[in-house]
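This report refers to the structure that appears directly beneath it.
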Amino acid sequence: MIDLVLCASGADEVRIVHDLAQDGDHDVRVVRRCADLAETAAVVGAGIGQAVLLDLSVRGLGRDVLAGLLEHVAVIGLRAETASEQTSLGLRQVVDAGAPIDEILAAISAAVDGEQAAEPWTQDPVLDDTPEGGRVVVVWGPAGAPGRSTIALNLAAEAARAGRDTVLVDADTYGPALGQLLGVLDESPGIVAACRAFDRDTLDSRTLDALLPVVQPRLRLLSGIGVPSRWAELGRSSLDGLWRALSRRGELVIVDVAAPLEEDEELSYDTAAPQRNGASLTAIQRADAVIATATADPVSLTRLLRENDRLRDLGVRELHVVVNRMGSPVPGDRVKELLGTRMPMTSLHLLPDDPGACRTAVWDGALLAESSPRSPLRRALRDLAASPALQGETPNTVPAEEAAPEPARAG
């Protein structure tokens, strides 16, 4: 006898239970009828049931939750014919909600027999076979306001103006700002929708294109979470899938992320927990190159140097350092010597301090190329966009000793 846990909508639940009761010549019995996904997970976690007949449209269902259920029981998907998302989530056994009871019973038996005969498994996403071809560049910087969003936005815009198809992603879970900087008034949380679509196994090329509006010629934007409190909706596995999907487009992907890189969320819970820094961590681990941004002051540069080991732990091999807001009191040679002797990097770039141009651009919701096309900062960012940092023609990161510039000669 197979003990079945049932989580279905009202009408479907009543029909299935009624049909099971009418047909007594079978080896399936309903041991629990659950109202929602949380109750289903709790029942399965308590060791009740051998199989779950689960409505695929139930609120909160995704790959992570499904993987947790599959560790304990066989799962059979119940798909409504009127569902807006016809997804199977990679399940081996999926039946229509209106299917005859014999078909449902056959799927339950097949799922239980298959799970008992095989090793435990986790669903893999149904992805496009197109290989990853795009270059993913993450713009990161230590705590403070080193200009991460401004640099990411204008680098993406300059790359697009140079004729390169570019996707700009706002993955900052603390202070998303790219929509505001671009003057996008009706900003929807595109990255949340993209992660949800991947979690539901519906992130195909058409869905992704709909979430990437064109904000400038050749420049598309995947907007951020909008309200910072929505960070918990970005699951780590969903983010991993999102970066792969974006890379498959074959374009340049520039991702703006937040400063914190610690993973202490995992230490705060007894069970699987969301990670607020998951967006930054997964993006950096997937990135082909990281642009680390700091301002030309001792506090910001020290914070950057202290994060050097953490960046190495995350597997960063191609690191481009950008020192922002270089002014006359700070000699460039001194900054180069300080960083070059202490931090392995692929390249080092110095950006001039140009507060007037930045202030005008922010208030106008415009790019530097639009509001201050001849400003020193805009010219420097245009040169950076044309450098190997975005073109993907850089060698492996060299040790700090080799990256150090020659000392300045006296006189």
With a 4.5 Å limit on heavy-atom distance, are the side chains of Leu261 and Ile284 in contact?
-> yes

Can you tell which of Val321, Leu319, Val322 makes a side chain to side chain contact (heavy atoms under 4.5 Å, CB included) with Leu348?
-> Val321

Salt bridge (Lys or Arg N to Asp or Glu O under 4.0 Å) filter on Asp3, not counting sequence neighbours, yields Arg29

Say you draw a straight line from CG of Leu6 to CD1 of Ile108; how long is it, rounded to the nearest 0.5 Å?
-> 8.5 Å

Using salt bridge (Lys or Arg N to Asp or Glu O under 4.0 Å) as the criterion, list what pairs up with Glu13, not counting sequence neighbours.
-> Arg33

Beyond-backbone contact of Tyr174 with Ile225, side-chain heavy atoms, under 4.5 angstrom | no

Any side chain to side chain donor-acceptor pair (under 3.5 Å) pairs touching residues 351-361, not counting sequence neighbours?
-> none

Taking atom types as modelled and ignoring hydrogens, do the side chains of Ser247 and Arg286 form a donor-acceptor contact shorter than 3.5 angstrom?
-> yes

Taking C-beta and beyond as the side chain, do Pro189 and Glu233 meet within less than 4.5 Å on heavy atoms?
-> no

Evaluate side chain to side chain contact (heavy atoms under 4.5 Å, CB included) for Val75 paired with Leu91, printing each intermediate quantity in order.
-> CA-CA 8 Å; Val75 180; Leu91 284 172; 4.1 Å; yes

Mind checking what makes side chain to side chain contact (heavy atoms under 4.5 Å, CB included) contact with Arg15, not counting sequence neighbours?
-> Asp19, Ile104

Does Asp12 have any side chain to side chain donor-acceptor pair (under 3.5 Å) partners at least two apart in sequence or in another chain, and if so, which?
-> Ser9

Please table the atom pairs, donor to acceptor, closer than 3.5 Å between any side-chain atom in residues 374-388 and protein atoms at least two apart or in another chain.
{"residue": "Ser375", "atom": "OG", "partner": "Ser372", "partner atom": "O", "Å": "3.0"}
{"residue": "Ser375", "atom": "OG", "partner": "Arg378", "partner atom": "N", "Å": "3.2"}
{"residue": "Arg378", "atom": "NE", "partner": "Glu158", "partner atom": "OE2", "Å": "2.8"}
{"residue": "Arg378", "atom": "NH1", "partner": "Pro373", "partner atom": "O", "Å": "3.3"}
{"residue": "Arg378", "atom": "NH2", "partner": "Glu158", "partner atom": "OE1", "Å": "3.2"}
{"residue": "Arg378", "atom": "NH2", "partner": "Glu158", "partner atom": "OE2", "Å": "3.4"}
{"residue": "Arg379", "atom": "NH1", "partner": "Arg374", "partner atom": "O", "Å": "2.4"}
{"residue": "Ser387", "atom": "OG", "partner": "Leu384", "partner atom": "O", "Å": "2.6"}
{"residue": "Ser387", "atom": "OG", "partner": "Ala389", "partner atom": "N", "Å": "3.4"}

Between atom NE2 of His349 and atom CG of Asn324, what is the distance when rounded to the nearest 0.5 Å?
-> 13.0 Å

Side-chain donor-acceptor contact under 3.5 Å, Glu370 with Gln216 = yes

If we ignore angles and hydrogens, is there a donor and acceptor under 3.5 Å between the side chains of His320 and Thr346?
-> no

In Å, rounded to the nearest 0.5 Å, how long is the span from CG of Leu234 to OG of Ser238?
-> 8.5 Å

What residues, two or more places apart in sequence or in another chain, satisfy side chain to side chain donor-acceptor pair (under 3.5 Å) together with Thr302?
-> none

Separation between CD1 (Ile191) and CG (Leu221), nearest 0.5 Å, reads 10.5 Å

Do we see a donor-acceptor contact under 3.5 Å between the side chains of Ser149 and Asp256?
-> yes

With a 3.5 Å cut-off and no angle check, do the side chains of Thr282 and Trp243 form a donor-acceptor pair?
-> yes

Between Leu351 and Val323, is any pair of side-chain heavy atoms under 4.5 Å apart?
-> no

Taking only residues two or more places apart in sequence, or in another chain, which ones meet Arg334 in a side chain to side chain donor-acceptor pair (under 3.5 Å)?
-> none

Using a strict cut-off of less than 4.0 Å between a Lys/Arg side-chain nitrogen and an Asp/Glu carboxylate oxygen, indicate whether Glu307 and Arg310 qualify as a salt bridge.
-> no

Pairs satisfying salt bridge (Lys or Arg N to Asp or Glu O under 4.0 Å), at least one member in residues 203-229, at least two apart = Asp165-Arg218, Asp209-Arg249

Interatomic spacing from CG in Asp313 to CD in Gln285 - rounded to 0.5 Å | 10.0 Å

Pairing residues for Ser300 by the side chain to side chain donor-acceptor pair (under 3.5 Å) criterion, not counting sequence neighbours | Thr295

Would you call Arg342 and Glu337 a salt bridge, using N to O less than 4.0 angstrom?
-> no

Quick one: list whatever passes side chain to side chain contact (heavy atoms under 4.5 Å, CB included) with Ala157, sequence neighbours left out.
-> Leu219, Leu367

Residue pair Leu339, Val335: steps toward the side chain to side chain contact (heavy atoms under 4.5 Å, CB included) verdict | CA-CA 6 Å; Leu339 295 178; Val335 172; 4.1 Å; yes

Sorted by chain and residue number, the side chain to side chain contact (heavy atoms under 4.5 Å, CB included) partners of Gln93 (sequence neighbours excluded) come out as Ile76, Ala107, Ala110, Ala111

